[in-house]
Amino acid sequence: MTTLTLTDVHIVDPEAGTVTFGALTISQGIIQQVYDNKTNPFRGETGNIIDCKARYIAPGLVDIGVKVCEPGERHKESYRSAGLAAAAGGVTTMVTRPDTTPAIDNPETLEFVTRRANEAAPVNVLAMAALTKGRAGREMTEIGFLIDAGAVAFTDCDRVVTDTKVLSRALTYARALGALVIAHPQDPGLSQGAVATSGKFASLRGLPAVSAMAERMALDRDIALVEMTGARYHADQITCARALPALERAKNNGLDVTAGTSIHHLTLNALDVADYRTFFKLKPPLRDESDRIAVVEAVKSGLIDIISSMHTPQDEESKRLPFEEAASGAVALETLLPAAMRLYHADLIDLPTLWRAMSLNPARRLGLDCGRMTVGAPADLVLFDPDAPFLMDRATLRSKSRNTPFDGARMQGRVLTTYVAGRPVYERAS
Amino acid sequence: MSFPHRHLLGIEALRPEEIKTLLDLADDYAKLNRQPDKHRDALAGLTQINMFFENSTRTQASFEIAGKRLGADVMNMAMQASSLKKGETLIDTALTLNAMHPDLLVVRHPQSGAVDLLAQKVNCAVLNAGDGRHEHPTQALLDALTIRRAKGRLHRLSVAICGDIAHSRVARSNIMLLGKMENRIRLIGPPTLMPAGISDFGVEVFDNMSDGLQDVDVVMMLRLQKERMDGGFIPSEREYYHRYGLDVEKLSNAKPDAIVMHPGPMNRGVEIDGTLADDINRSVIQDQVEMGVAVRMAAMDLLARNLRLTRGAA
């Protein structure tokens, strides 16, 4: 049994809400001991000891909503490439989306992707399955079989189940099995054809736009159905101020409701689209600055539980088109942590709160043991330097698709080493 | 004379003195166009390609005549019938054309921003002949020249733009241009055809014609697209005409010498009364068409001068 010891390190503990200076030991894939003191008990000892030079260690990120394009569009992203990107980004658990071609809506497809994932990816991969067959919103999938095959949540991704009867039955059935349902709150009528958030900028650029109200309307509907059925519900991305009071009410009423948001909606706004830059075309579209600030505050207060990368690979051909025709989405596994550091360096959100949203809360929501810095927790960890500056160059990304809105951006925060079950799966060349 | 632009993609990028430069030159060309010998050599040796991804008769004809009068070799490409149907992307089309060394590319496209995208990929000067709901700069410039000639100035005028603002690139370019030249802009139309956040554009918004037209110097009508007429945005054609169609009675709210404009093609009896449109004392609609050629000659002339300068330097 080998024991790995990390000394002289700042330890980010999202459960305790603290950053302490100390050391920790890892063996058998779990955290064995944590020393939160200034004196290093290992000084002078030899063996497998790493001096972390006052860098930071935190639980590895748990990213709900990663798109890996297998099956169907492996040229955009495979489990291998996504896994390498995740490791380089400090993401130790990827929770993958079922919006592939075909959709992951039956146990056989789920078993195929799980096998592919375990062969190819150096990090933990957990799969979500579709809520309805073909994500068509008509018939529910075999939720029971899919749970047996390993599905951790059920979602039709960016497609909204418009038929309330279908959704209410799916929620009722899912509740009996304790399954988590993840929805994309966006009123389909209002948002049809829209590629931007309505307002001055969209009007100036002449882009078809949707009011942020479409998000609140859909969330209101979903919450009513959750109240009716008692299901476990998570909203994938809450991105505007108007949706927050509804979310708060639902939580205060004791419903089993949580919400996420994307790192892009926390760090960018509608104006970043500038001259029709399609790498900034997202779903839902980027919002006004006032919405961004409101959502940052909601993450800080805990009203929004989870930050995701919403990693969505798109190849050049899908993006080099007029804005309306271009595909939506951005890759973000490797930029999640440095982008989150923007919030830290701007004094908006501290490190334990960020890790609560990027690691502890998503792990808890899925019933996982990770996301914690305590003795006995899995040693899924990320060692990082929150201050290291760099110029983002998309050519360096490990994803097969390199559609990042941060290309050319000045960023701070580098992942140095990523550990999964105590073993390094990524080490930054020094 | 300074017009430091490689392309003419929109009014947004132009400064007031550059607009004035262009209009002054267009004024000269307007005079030329009334001579029996209309030919000049400003574009001699240059190749102009008109690429229209969306139907157009008048704008395309106007650009073609403008190019020919200045001696360019002009070619028209009707792009709906062409390679896009075969699955070629806009950028591939642009690169293919670029390899044929055109000097001036006149582009109309149904999607906002498509002309900007194309301009990034070619070596020639690109003129936006209308992209989606975004901009239609030569239309705004010809409207400005028409107003300046009719009113003797292009500032401190009260201008009403009426109708489907939301889907109109003509409205956007005009709001931008008239704003830059320090005019007072009023937008009139049903709220369903008003874009979100429009009040932040430095304009006054009205949903009632008689209030909106009060004491204006210029009344600019917009075309109502057929596909907006059926229940989606307005209840019916006849209700629209009743509430927003320009007739003599509604026009009586404007100044007695107010001029009436329309970018064409007109829907008589939908947005404008036919007799009023033909009234040579009020309507400057035919002058707009005439100024269109002059403005496009000026725009291409200025861009060609820059083109020759940069190539000479290289």
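Quick note: numbers below take in every heavy atom, side chains included, and nothing from hydrogens, waters or symmetry partners. In what follows, every chain begins at residue 1, and chains take the letters A, B, ... in the order their sequences are listed.
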Do other residues, nucleotides or ligands put more than 12 heavy atoms under 6.0 Å from the [atom1] atom of [X]?
X      : atom1 : value
A/R277 : CZ    : yes
B/E182 : CD    : no
A/R138 : CZ    : no
A/Q192 : CD    : no
A/R221 : CZ    : yes

I'd like to know which of B/I165, B/I198, B/I175, B/I91 tops the heavy-atom pair count under 4.5 Å against chain A.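 Answer, by heavy-atom pair count under 4.5 Å with chain A: B/I91.
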
B/R169, B/H167, B/R172: which one forms the most heavy-atom pairs within less than 4.5 Å of chain A?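 Counting heavy-atom pairs under 4.5 Å, the top option is B/R172.
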
Relative to chain B, which segment of A/E317 carries a heavy atom at a distance below 4.5 Å: side chain, backbone, both, or neither?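 Answer is neither: A/E317 stays 4.5 Å or more from chain B.
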
Pair B/R133 + A/E324: basic N to acidic O under 4.0 Å: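 No, B/R133 and A/E324 are not salt-bridged.
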
Under 4.5 Å heavy-atom distance to chain A, tell me which part of B/E135 shows up: side chain, backbone, both or neither.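 Neither part, no heavy atoms under 4.5 Å.
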
Side chain, backbone, both or neither: which part of B/L117 has a non-hydrogen atom closer than 4.5 Å to chain A?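 Contact with chain A is through the side chain of B/L117 alone.
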
Identify the heavy atoms of B/A196 and A/S203 that sit nearest to each other, and give their distance.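 B/A196 and A/S203 have their closest heavy atoms at O-OG, 2.6 Å.
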
What I'd like to find out is whether the side chain of [X] reaches to under 4.5 Å of the side chain of [Y], using heavy atoms alone.
X      : Y      : value
B/E12  : A/R205 : yes
A/F323 : B/S112 : no
A/L321 : B/L90  : no

Assess whether side chain to side chain contact (heavy atoms under 4.5 Å, CB included) is satisfied between A/L204 and B/M176, documenting all intermediate values. CA-CA 10 Å; A/L204 187 67; B/M176 218 106 55; 4.0 Å; yes

Atom CD of B/Q120 and atom OH of A/Y276: how far apart are they, to the nearest 0.5 Å?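 Taking CD in B/Q120 and OH in A/Y276, the distance rounds to 11.5 Å.
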
